[in-house]
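Only this structure's heavy atoms are used, side chains among them; waters, hydrogens and symmetry mates stay out. Worth saying up front: this structure is predicted, and the values here are computed from it rather than measured.
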Amino acid sequence: MSIVDLEAIPQVALAFINDDHREEGRLLNELAEAVKGHEAGKVPVETVLHRFEALLAHTQEHFAREEEAMREVSFPPYPVHKGEHDRVIEEMESEETHFRETGDTGRLWSYVSQAVPTWFVGHIQSMDAITAQFVSVRKGPR
C-alpha cells in the first residue's frame with residue numbers, strides 16, 4: 001500500500017533532507033500497510049505499534065538533523081521551523097498513545113492516510129524548501 005509516492009516527493013536543495021524524506025515516505029507506507037492489515041485481522045497490533053515507533057524515531061532523527069543545519073547557519077526563522085517540528089512530534093506521540101490505549105484503527109488510518117501525507121508535502125514545499133535553499137547557499141549542498 002502506497003500512501004506516499006516516493007518518486008513524487010518534492011526535492012529540496014540538500015541531499016540529506018531528500019534522503020530523509022524518502023525514508024519518511026517509506027516508513028509511512030509501511031505503517032499504512034500495517035494499519036490496513038490490522039483492520040483486516042491479518043497483522044497483530046504489535047506490528048502496527050512497531051512500525052509507528054519506527055516512523056516516530058526516524059522523524060525525530062530527521063528533525064534533529066534539520067535543526068542542527070539551521071543552527072549552524074543561524075537560520076533566522078529557526079524558532080518557527082523548530083516549533084512546527086515540536087508540534088508534529090507531540091501530535092505523533094499523541095496519536096500513538098491514543099491507538100495504544102483504544103485500538104482505534106479508524107482514527108489511526110485517517111491520521112496516517114490523510115493528515116500526515118498532506119502535512120508532509122506541504123511542509124517540504126514551504127518550510128523545508130526555504131530552509132534547504134538558505135543552508136545550501138551558506139554552506140553548499142551536502
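Taken to the nearest 0.5 Å, the NE2 atom of His58 stands 5.0 Å off from the CD atom of Glu23. Of the inter-residue distances, the one linking Glu66 atom CD with Asp20 atom CG reads 7.5 Å to the nearest 0.5 angstrom. Interatomic distance, Ser113 OG to Leu108 CG, rounded to the nearest 0.5 Å: 9.0 Å. Within the model, atoms CH2 of Trp109 and CG of Leu31 stand 9.0 Å from one another, a figure rounded to the nearest 0.5 Å.
Every residue meeting the side chain to side chain contact (heavy atoms under 4.5 Å, CB included) condition with Glu53, not counting sequence neighbours, appears here in chain and number order: Leu49, Glu96, Arg100. Under the rule for a salt bridge (Lys or Arg N to Asp or Glu O under 4.0 Å), Asp128 has no partner lying at least two apart in sequence or in another chain. Contacts of Phe134 classified as ring pair (Phe, Tyr, Trp, His ring centres under 6.0 Å), with partners at least two apart in sequence or in another chain: Phe75. For the ring pair (Phe, Tyr, Trp, His ring centres under 6.0 Å) test, residues two or more places apart in sequence or in another chain that qualify with His62 are His21. For the side chain to side chain contact (heavy atoms under 4.5 Å, CB included) test, residues two or more places apart in sequence or in another chain that qualify with Glu95 are Phe52, Arg107, Tyr111.
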| query | Please walk me through it: do Arg65 and Glu68 pass side chain to side chain contact (heavy atoms under 4.5 Å, CB included)? | reply | CA-CA 5 Å; Arg65 283 186 285 275; Glu68 179 182 351; 5.5 Å; no

| message | Quick one, Leu28 with Phe120, criterion side chain to side chain contact (heavy atoms under 4.5 Å, CB included). Give me CA distance, side-chain angles, the key distance, then yes/no. | response | CA-CA 10 Å; Leu28 183 59; Phe120 183 58; 5.5 Å; no

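Asn29 places no side-chain N or O within donor-acceptor distance of the main-chain N or O of Ser2, the cut-off being under 3.5 Å. Side-chain atoms of Thr47 never come within 3.5 Å of backbone atoms of Val43 as a donor-acceptor pair (strictly under, hydrogens ignored).
The minimum heavy-atom distance between Tyr78 and Met70, with the atom names listed, is CD1-CB, 3.6 Å.
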Review item, side-chain donor-acceptor pairs of residues 5-15, under 3.5 Å, at least two apart:
from  : atom 1 : to    : atom 2 : distance (Å)
Asp5  : OD1    : Glu7  : N      : 3.0
Glu7  : OE2    : Arg22 : NH1    : 3.2
Glu7  : OE2    : Arg22 : NH2    : 3.0
Gln11 : OE1    : Asn18 : ND2    : 3.3
Gln11 : NE2    : Ile9  : O      : 3.1

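Residues Glu93 and Gln60 form a side-chain contact, since some pair of their non-hydrogen atoms from C-beta on lies under 4.5 Å apart. Contact of the Leu55 side chain with the Arg51 side chain is not registered, since no non-hydrogen atoms from C-beta on lie closer than 4.5 Å.
A donor-acceptor contact closer than 3.5 angstrom is absent between the side chains of Glu84 and His123. Thr131 and His81 are linked by a side-chain donor-acceptor pair at a separation below 3.5 angstrom, with hydrogens and angles left out of the test. A donor-acceptor contact closer than 3.5 angstrom links the side chains of Thr59 and Glu24.
No continuous path of ILVMFWY side-chain contacts below 4.5 Å connects Val4 to Met127, so the two sit in separate hydrophobic clusters. The same ILVMFWY cluster, assembled from side-chain heavy atoms under 4.5 Å apart, contains both Phe99 and Ile89.
Salt-bridge formation is detected for the pair Glu39/Lys36: a Lys NZ or Arg NE/NH1/NH2 atom is positioned less than 4.0 Å from an Asp or Glu carboxylate oxygen.
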